[in-house]
Every structure is written in structure tokens, then in C-alpha cells.
Amino acid sequence: MVNRRRINLIPKSRRVAISLPVDQILVVGATVVIVLCLGLGVFQLTEKRSYQNSYASLLNQEKQINQQLALLETVKTTDKQRAARRNLIKNITGNQLPWADMFKELSLLVPKDTWLTELLMQNQSGQLAVSLKGEAVSQSRMAQFFSVLESSDYYRNVLVKYSESFKAWRHHFPFMGLNLPRST
């Protein structure tokens, strides 16, 4: 085995003894520890403030979301009230026909130079039937009126009962009568 010994090759006269006082070592060590602790404290304080800001931002967002939810609840309640009103109106009107809409559509469908002189509503085998009489300047106006009536949402099964012509004021006025059963 080899015996290992430490050998200092620097002559004793040149050797400088480095001796640090223990007090200085303790002061330097304490200073390093204090600086490290202060740095860690500042870092933690900065992190704490960052978390507090994030938390405050989240609370603000939660408040805004709660306000939006309250608004949505109001809208939802309003929609429920409207639906209840619609159902009430539907229950009240039930099987009633939209007379105003039917008459408005009829008035919009009558072509130029065509006049309705009589309107009669009848119940025929459980279905509503509308009988019309009127005058037109030509058979083509009458045919035009019948074709637009057939395309209507309110009037179905357009039937011409009769048509006749007569002279008045030297103009030709066919007379028309029709039956308009409405399918329910």
C-alpha cells in the first residue's frame, strides 16, 4: 500500500499563513444569509401581490358573470311569462278562425276592375264555406281572381257555381258566384 502524505512544496519562509478570524467569517455568512432571506421575502411578497391581483380579477369576473346570469334569469322569466300568455291566448281563441287575416287577404287578392258585391259565410258539413258574388270587367279578370284564390292559405276548393254576362253602361260585366270551403 502506498502511504499518502501531503507535502507542501512551498518553503516555509514564503508561506503566508491565511488565518481569518472567526468573527469575520460569521459576519460574512450572516450577511449572505440575510441577503438571501431578504431576496426570498421580496420574491414571496411579489408573488403574494400577484396572486392577490389575480384573485381580485377573478372576483370581478365572477361578479360580472353573476350579473349576466341574473340578466339571463330575467330574460328566461320573461320568456316563460310570454309563453304562458301565448298559451292562454291560444286556449281562449282555440278553434276560432283568424277572420281579420282572412278578410285582409281576400281584399288583397281581388284584382283591378273586379268588385265583390256579396259575402256569405255558411257551415257546410262541419266546414266553413264562403260564398262570394261580384262583378268583373272581363272573364279573364274573374279567372285571375280564382287562380289567386286557389293559391291562398285561407281559401281552398274554389268552385265556380255560375257566371253570367249582362250589359250595363255599354260595358260587359260578367256576374260570378263562388263557394270557398275552408279546410280545417
T46 vs S50, test: side chain to side chain contact (heavy atoms under 4.5 Å, CB included). Steps then yes/no. CA-CA 6 Å; T46 305; S50 172; 5.7 Å; no
With S152, which residues qualify under side-chain hydrogen bond (donor to acceptor under 3.5 Å, both in side chains), at least two apart? E105
Measure the [atom1]-[atom2] distance between [X] and [Y] for me, rounded to the nearest 0.5 Å.
X	Y	atom1	atom2	result
L69	T74	CG	OG1	10.5 Å
L36	L40	CG	CG	8.5 Å
R82	R85	CZ	CZ	8.0 Å
Q52	L45	CD	CG	8.5 Å
L72	I65	CG	CD1	11.5 Å
Q144	L109	CD	CG	10.5 Å

Would E62 and L58 count as a side chain to side chain contact (heavy atoms under 4.5 Å, CB included) if you check the C-alpha gap in whole Å, the side-chain angles of each, and the deciding distance to 0.1 Å? CA-CA 6 Å; E62 181 185 21; L58 289 174; over 6 Å; no
Same cluster (ILVMFWY, side-chain, under 4.5 Å), F145 and F103: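 The answer is yes; both residues are in one hydrophobic cluster.
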May I ask whether L116 and L119 are part of the same hydrophobic cluster, defined by side-chain heavy atoms of I, L, V, M, F, W, Y residues being less than 4.5 angstrom apart, directly or through others?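 Hydrophobic grouping puts L116 with L119.
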State, with a plain yes or no, whether a side-chain heavy atom of [X] is found less than 4.5 Å away from one of [Y].
X	Y	result
V148	V110	no
Q67	L71	no
N53	S57	no
Q64	N60	yes
K76	K80	yes

Mind listing the closest non-hydrogen atom pair of R141 and P111 along with its distance?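 Minimum heavy-atom contact is O-CG, 3.8 Å.
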Is T117 reaching over with its side chain to a backbone N or O of K133, donor-acceptor style, under 3.5 angstrom?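 Checked: pair present.
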Under 3.5 Å: donor-acceptor pair, side chain of T31, backbone of V27: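 Pair found, side chain donor or acceptor close to backbone of V27.
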Test question: given the 4.5 Å side-chain rule for I, L, V, M, F, W and Y, name all other residues clustered with L59, or answer none. Y55
